Amino acid sequence: MDAPESQPGSPSGSQPGSLPGRIYLLAYDLDRRQLFDRTRTAFLTRAAVLIELAWRGRLDADGHPAATGAGTTGDLVLDRALARIGPHRRSWKRLLRRDYRQTLDLVEQQLESAGVIRRTRHRALGLVPRYAIELLDDRRAAEAQAHFTTILRDGPAVDQVSRTDAALVALAAAGRVRTVISHADRRRYGDRITALTDRLGTTSPGLASAVRGIEMTIVAARGGSG
């Protein structure tokens, strides 16, 4: 399958233009100067990695996918995920929960190398290492967030929305990314969100189902069962 196409309003540059990089920018709260929710963003970047791999034909898209194909993708985050997934079949939900924190860290490393963010390390309570995230170009994130809010509220017919934009709206809605989609938007445009998420089902019904179930997956992980 073809890689996701570039769309107007998307961040420029090869790394920020990847699906994981783009959902990261959508999740950055420009007022608070940090991610709107780090755990949710980790699951969303992980889901974005799986979607890109499926689109590239590097995941068998059956109900229990496995890595397929040979050679590298040219993207460190995708290649690392492929190596960890391997040939063993697992459910989409299990793949989503696997390595989600590490995936977020790799995406941030990639964005930092591309000059999109700057990370400053500190220790919470003097013990746990954490990073303060500085976005180096607010305009890029602001335009992207406005772009996807517009797609949800005033965009074209669902079948006219690009596959990439449909996936990003679906992820933002499933992860409750308030920088893009408010609680009122999720209620008002619920049918449109469902239809856009259904577009993922053309790759794999299981993938669409996993995205719809992100909220419950996050709740389970935070409850200590992840």
Side-chain angles (χ1 to χ4, degrees), residues 1-7 10 14-27 39-111 161-175 177 193-218 220-221 226:
M1 292 184 181
D2 295 332
E5 69 274 28
S6 175
Q7 294 299 318
S10 66
S14 58
Q15 304 305 343
S18 69
L19 204 65
R22 292 179 69 180
I23 194 63
Y24 186 95
L25 288 188
L26 295 184
T39 298
R40 288 177 182 275
T41 304
F43 274 103
L44 294 175
T45 54
R46 178 65 179 178
V49 165
L50 298 179
I51 291 169
E52 270 215 22
L53 288 173
W55 282 349
R56 291 169 181 246
R58 299 307 302 271
L59 282 182
D60 180 343
D62 288 339
H64 286 72
T68 186
T72 68
T73 67
D75 183 292
L76 173 64
V77 177
L78 300 185
D79 287 340
R80 190 73 60 86
L82 275 177
R84 290 281 290 161
I85 292 169
H88 306 292
R89 293 193 176 276
R90 299 177 177 87
S91 69
W92 286 106
K93 182 177 180 180
R94 186 172 177 186
L95 289 180
L96 177 62
R97 293 178 62 168
R98 183 173 188 178
D99 298 335
Y100 64 94
R101 292 188 184 90
Q102 294 91 333
T103 298
L104 177 59
D105 184 62
L106 285 172
V107 169
E108 287 183 330
Q109 289 180 39
Q110 198 174 59
L111 291 173
V161 177
S162 76
R163 138 180 113 167
T164 303
D165 284 356
L168 286 164
V169 172
L171 288 171
V177 181
I193 290 168
T194 297
L196 289 168
T197 306
D198 285 345
R199 293 276 302 276
L200 292 171
T202 61
T203 301
S204 166
L207 179 56
S209 178
V211 169
R212 289 193 192 93
I214 280 178
E215 180 63 22
M216 292 304 297
T217 304
I218 292 170

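Because the structure is a prediction, the values reported are computed rather than measured.
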Between Ala170 and Val211 the two heavy atoms that sit nearest each other are O-CG1, 4.1 Å

Could you grab the distance from atom CG of Leu106 to atom OG1 of Thr45, nearest 0.5 Å is fine?
9.5 Å

Determine whether Pro20 and Gln110 make a side-chain contact, defined as any pair of heavy atoms from C-beta on separated by less than 4.5 Å.
no

Residues forming a salt bridge (charged side-chain N to carboxylate O under 4.0 Å, His left out) with Arg80, sequence neighbours excluded:
none

For Ser91 versus Pro65, what's the shortest heavy-atom pair and its separation?
C-CD, 4.4 Å

Indicate yes or no: at least one non-hydrogen side-chain atom of Asp165 is less than 4.5 angstrom from one of Arg22.
yes

Can you find a pair of side-chain heavy atoms, one from Val107 and one from Ile23, that are under 4.5 Å apart?
no

Does the side chain of Leu50 reach to within under 4.5 Å of the side chain of Ile85, using non-hydrogen atoms?
yes

List in chain and number order the residues that pass side chain to side chain donor-acceptor pair (under 3.5 Å) with Arg98, two or more places apart in sequence or in another chain; answer none if no residue qualifies.
none

Check Ala54 against Leu207 and note the closest heavy-atom contact, atom names and distance.
CB-CD2, 4.3 Å

Which residues pass the side chain to side chain donor-acceptor pair (under 3.5 Å) test with Gln102, not counting sequence neighbours?
none

Within a strict 4.5 Å, meaning less than it, do heavy atoms of the Leu78 and Arg56 side chains meet?
yes

Short side-chain to backbone donor-acceptor contact, Arg199 and Val161, under 3.5 Å
yes

Pairwise side-chain contact, Asp99 with Arg46, heavy-atom cut-off 4.5 Å (strictly under):
yes

Arg212 meets the salt bridge (charged side-chain N to carboxylate O under 4.0 Å, His left out) criterion, sequence neighbours left out, with Asp198

Begin from the C-alpha positions of Leu171 and Val177 and carry the test side chain to side chain contact (heavy atoms under 4.5 Å, CB included) through to its verdict.
CA-CA 8 Å; Leu171 288 171; Val177 181; over 6 Å; no

Under the side chain to side chain donor-acceptor pair (under 3.5 Å) test, which residues partner Ser204, sequence neighbours left out?
Trp92

All heavy atoms of Leu96 vs all of Ala210, minimum pair found to be CD2-O, 3.9 Å

Partner residues of Arg101 under the side chain to side chain donor-acceptor pair (under 3.5 Å) criterion, sequence neighbours left out
none

How long is the span from the OG1 atom in Thr217 to the CZ atom in Arg97, to the nearest 0.5 Å?
6.5 Å

Taking all heavy atoms of Val49 and all of Ala81, pick out the closest pair and write down the distance.
CG1-CB, 3.7 Å

Taken to the nearest 0.5 Å, the spacing of Leu111 CG from Ser18 OG works out to 7.0 Å

Look up atom CD1 in Ile218 and atom CZ in Phe43, then write down how far apart they are to the nearest 0.5 Å.
6.0 Å

The criterion is salt bridge (charged side-chain N to carboxylate O under 4.0 Å, His left out); which residues satisfy it with Asp79, sequence neighbours excluded?
none

Determine whether Glu52 and Val77 make a side-chain contact, defined as any pair of heavy atoms from C-beta on separated by less than 4.5 Å.
no

With sequence neighbours left out, the residues meeting salt bridge (charged side-chain N to carboxylate O under 4.0 Å, His left out) with Arg90 are none

Rounded distance (nearest 0.5 Å) linking atom CG of Leu44 with atom CG of Leu104
10.0 Å

Return the minimal non-hydrogen interatomic distance between Arg89 and Asp60, and the atom names on each side.
NH2-OD2, 2.6 Å

Can you sort out the partners of Tyr24 under ring-ring contact (aromatic ring centres under 6.0 Å, His included), two or more places apart, ordered by chain and number?
none

Beyond-backbone contact of Trp55 with Leu19, side-chain heavy atoms, under 4.5 angstrom
yes

